[in-house]
Structures are given as structure tokens and as C-alpha cells.
Amino acid sequence: MVSPLLQIEDLAIFIDVADGGRQPILTDIDATLYAGETLGIVGESGSGKSLLSLAIMGLLPPAAHATGRILLEGRDLLAMDENTLCTVRGRSIGMIFQEPLTALNPSMTVGDQIAEGLVVQEGLSWQAARREAITLLDRVRMPDATRLSRTYPHALSGGQRQRVGIAIALAMKPALMIADEPTTALDVTVQAEVLDILDDLTRDAGMALILVSHDLGVIARMCARTLVLYAGRRMEEGVTRDVLTSPLNPYTRGLLRAVPRRHASGARLQTIPGAVPSFAALPPGCCFSDRCPDVVTACHSGEPAWTLVRPGRGVRCIRALEEATS
Ligand SMILES: Nc1ncnc2c1ncn2[C@@H]1O[C@H](COP(=O)(O)OP(=O)(O)OP(=O)(O)O)[C@@H](O)[C@H]1O
Ligand SMILES: [Mg+2]
């Protein structure tokens, strides 16, 4: 039997708060990803998408604490010391950030930034690593890769910087790539090109991908499976086509109604009424009950359990379960 590349078991993340206590931010997260699989994570701002990605990279901010297990190829990342984690990070997991400029070193040529990991982690000579950096820049379709490898990040466009970010993450041939809003800062044409590159890498190189986005169109294009988060909870998960065409959770339906449609000129784009509540003031019962159009009295008593309606298709909503069984 093939074992999963990544297995997240009962993960919770807490943040230190001013009064000395700890606020739960993400709760009850379980997920499984096999080699070459693509998982999209969607949800409104503040739902915990970035904290979840950072936890998998072992890059949580100092105020955040995780419980549970994050098994990468069977080894628990949460139980590793920083040195071991450093080796895993980069070698087995690569990360692409939303704003590539903040992730790049302004005082080093982009070629050397790509080469550095190969020298330090793989023991290549600088000369060989620089050659490899140009190959990697070619692979992420950087025009004029040889010349641009000798320039500094500030001289590149946003799209070119993101290509450099992907090349850095790719240099170590990670089995898993985590991309947190990788195209949000880019214009539409460049966004499509960067998604094409990621698509090629998952198809040809068999790399697994976790793609965080608030854009359901991006998720639909790139990811075979989708996980919907709200207020740090899993609201729905399944094959992307099922989640997007027959959503079970009213929250997912709300997200879908907020997506612009090409042929719906004149129709008003709907938003989900209300705002994501602060974690300290979640409503009792279901965390979405104060904004949910389908709310009933029972939704206010007790958090609904995460329930699999069939293998690989889960939901947290008592109304959805009523419908599924009626
Ligand atoms: N370093 C931190 N210190 C305190 N709270 C934090 C920290 N990082 C995140 N949080 C809180 O954790 C929650 C989840 O944040 P996260 O950044 O994961 O959301 P997100 O889903 O990625 O949102 P966005 O779509 O805006 O990127 C938010 O309420 C945020 O305020
Ligand atoms: Mg985020």
C-alpha cells in the first residue's frame, strides 16, 4: 500500500494573547496528501489558511503553538528539532510566498539566491550551482535567463520575481510545494503564466501541491481536491468538482455566490453578509451560524462534528447532514 506523503492528524494552533492565555485559531485539522496530489485551501481572510501552511513548513510565528501531528513521509514535523526541520524544509517541502520581494534578498543576485541552496545543502560548487540556477530559471520560463540571473530582485517585474521564488523552491526538488496566494500580487496575464508553470511541475515532475487561494477560479483550475476553511475550522472537503458544483456547506455556497460570472451581466455579485468574527467572539454552536442563511435553532447548540458523507467527502454542518440523509 502506498503511504501518504503528508498526513495531518488532529492539528490545532493556538496564539498567545495579551492576558497571558492562548486563543485557539485552527482546530481539528486532519488532511492526507499523496505524492503528486493537488489540494486547494480556500476561505475568507483570517480563516487560518496561512497559519496552516506555515505550520506545515515549520515556520509558525513565535506566538503560535501547534498540537497534533504533521507527518511528512511518516516523520512528525512538530516533534523535530530546528536543525532537522531545516533539512526537511527546502529539501522535502518548498514554499512560494504571496509577495516574492519580501522573500528575496535585495543585496544578492537572483542567480546566486537560487544557487545558494544548492551549494549549502547539495554541496555543489558555486560554478555548477550557478549553471543549475540558469536551468531552473529557464524551467520557470524566465526570458533571457542567463542575463537576468546576474541582476538583483529590484530590477525585476513582479511576475519575474515570482518566477525566481518558484525557482528557489524548486532547486531542492521538493516532493511537496506549498504556495500561499502565489499569484494574488500579479496581473491577470502573468498570473495565468505562473499557474501554467505550477501546473507543469505537478503534472511532469509529480510534485504534490498545496495551493492557498481566496480565488475559487484558481483552485478549480489547479487542484484536484479542495478544503474549505472558516474561522480555523474545516467546513467542507472533497474532489474540487464536487465541492464547487454541489457544495454541501452553506458557507461554501456563499463563497461561490461571491464569484463573478462571465455571463451574468447586470446580476449583482452577492457577498456573504457580516464579517468573519474574531476568534475571541465566535458564536456558540456552529462558527458560521451568525452569518448562515440556512441557520436553525439547533445550529446554536454545540459545534457540529466533522462528518464524512462518503470516503473523501466531508462536511461540518448539521443542515447539510439532514439533507444528505433525507
Ligand atoms: N503572528 C500572529 N500573531 C497573532 N495572531 C496571528 C498571527 N498570525 C495570524 N494570526 C491570526 O490568526 C488568524 C488566521 O490568520 P491567517 O493569516 O492564517 O489567515 P488567512 O486565512 O491566511 O487570511 P488571508 O486570506 O488574509 O491571508 C487571524 O485571525 C490572524 O489575526
Ligand atoms: Mg494568508
Side-chain angles (χ1 to χ4, degrees), residues 1-11 13 26 29-41 49-61 64 66-98 100 103-104 113-124 128-129 132-133 135-137 139-140 162-182 194 197-212 222-225 227:
M1 210 175 90
V2 185
S3 43
L5 175 67
L6 179 76
Q7 190 148 26
I8 301 178
E9 292 175 358
D10 201 18
L11 176 72
I13 296 174
L26 280 154
I29 304 290
D30 281 84
T32 306
L33 197 70
Y34 288 88
E37 275 194 326
T38 48
L39 174 71
I41 303 181
K49 307 181 296 294
S50 292
L51 279 183
L52 178 55
S53 328
L54 291 171
I56 301 169
M57 278 297 283
L59 287 174
L60 280 175
T67 60
R69 301 207 301 168
I70 302 178
L71 301 168
L72 185 77
E73 291 164 334
R75 297 165 72 203
D76 186 2
L77 300 177
L78 293 180
M80 277 180 197
D81 60 53
E82 187 55 32
N83 281 346
T84 321
L85 200 55
C86 268
T87 322
V88 171
R89 193 192 296 141
R91 251 175 207 249
S92 303
I93 316 179
M95 183 146 184
I96 307 171
F97 296 90
Q98 172 170 349
L104 296 177
Q113 292 188 54
I114 301 166
E116 191 179 31
L118 294 164
V119 172
V120 175
Q121 298 231 25
E122 305 278 306
L124 261 62
E132 179 63 18
T135 309
L136 285 160
L137 284 173
R139 187 141 170 237
V140 296
Q162 193 55 295
R163 283 166 218 257
V164 173
I166 299 174
I168 290 174
L170 270 185
M172 296 293 130
K173 304 186 187 68
L176 169 64
M177 184 76 91
I178 303 177
D180 188 353
E181 305 273 10
V194 169
I197 295 166
L198 285 176
D199 214 14
D200 284 351
L201 294 171
T202 51
R203 271 174 220 275
D204 304 341
M207 192 180 69
L209 175 72
I210 295 181
L211 179 68
V212 172
M222 300 290 298
C223 302
R225 301 186 58 75
L227 169 65

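In this chain, residues are counted from 1 in sequence order. Just so it is clear, the values below take in all heavy atoms, side chains as well, and ignore hydrogens, waters and symmetry mates.
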Distance, nearest 0.5 Å, that separates CG of L211 from NZ of K49 | 11.5 Å
Would you find a donor on one side and an acceptor on the other, under 3.5 Å apart, between the side chain of E37 and the backbone of I210?
-> no
Taking the side chain as every heavy atom from C-beta outward, state whether L72 and V88 have any atom pair closer than 4.5 Å.
-> yes
Are any of the side-chain heavy atoms of I96 and M177 separated by less than 4.5 Å?
-> yes
For residues 3-11, tabulate all N or O donor-acceptor pairs below 3.5 Å that involve a side-chain atom, not counting sequence neighbours.
residue : atom : partner : partner atom : Å
E9      : OE1  : R69     : NE           : 3.0
E9      : OE1  : R69     : NH2          : 3.1

Are the side chain of S92 and the backbone N or O of P174 linked by a donor-acceptor pair below 3.5 Å?
-> no
Quick one: does Q98's side chain get under 4.5 Å of P182's, heavy atoms only?
-> no
For the atom pair CZ (R163) and CD1 (I168), what is the distance rounded to the nearest 0.5 Å?
-> 14.5 Å
CZ/F97 to CG/L104 distance, rounded to the nearest 0.5 angstrom?
-> 10.0 Å
Going through the checks in order, is the side-chain contact (heavy atoms from CB on, under 4.5 Å) test met by V212 and S53?
-> CA-CA 8 Å; V212 172; S53 328; 3.4 Å; yes
Residue pair M95 / L54, side-chain heavy-atom distance below 4.5 Å = yes
To the nearest 0.5 Å, what is the distance between CG (L137) and CD (E132)?
-> 10.0 Å
CE-CG distance between M172 and L136, expressed to the nearest 0.5 angstrom | 9.0 Å
Begin with the C-alpha distance, continue with both residues' side-chain angles, and end with the deciding distance and a verdict on side-chain contact (heavy atoms from CB on, under 4.5 Å) for L60 and L51.
-> CA-CA 7 Å; L60 280 175; L51 279 183; 4.0 Å; yes
Specify the closest pair of heavy atoms between E73 and A175, including all atoms of both residues, with the distance to one decimal.
-> OE2-CB, 4.5 Å
Can you tell me which residue pairs pass the side-chain hydrogen bond (donor to acceptor under 3.5 Å, both in side chains) test with a partner in residues 167-176, sequence neighbours excluded?
-> none
Quick one: closest heavy-atom pair of I13 and A64, and the distance?
-> CG2-CB, 4.1 Å
Please report the C-alpha distance between T38 and M222 in whole Å, then the side-chain angles of each, then the deciding distance to 0.1 Å, and finally whether the side-chain contact (heavy atoms from CB on, under 4.5 Å) criterion is met.
-> CA-CA 7 Å; T38 48; M222 300 290 298; over 6 Å; no
Which of these passes side chain to side chain contact (heavy atoms under 4.5 Å, CB included) with V140: I166, V164, I114?
-> I166
Could you check L209 against I178 for side-chain contact (heavy atoms from CB on, under 4.5 Å), going step by step and ending with a plain yes or no?
-> CA-CA 6 Å; L209 175 72; I178 303 177; over 6 Å; no
Would you give the length of the straight line joining atom CG of L52 to atom CE of M57, rounded to the nearest 0.5 angstrom?
-> 13.0 Å
Can you pull the salt bridge (Lys or Arg N to Asp or Glu O under 4.0 Å) pairs that have at least one residue in residues 76-92, sequence neighbours excluded?
-> E82-R89, R91-E122
Should L170 and M207 count as side-chain neighbours, where that means a heavy-atom distance under 4.5 Å?
-> yes
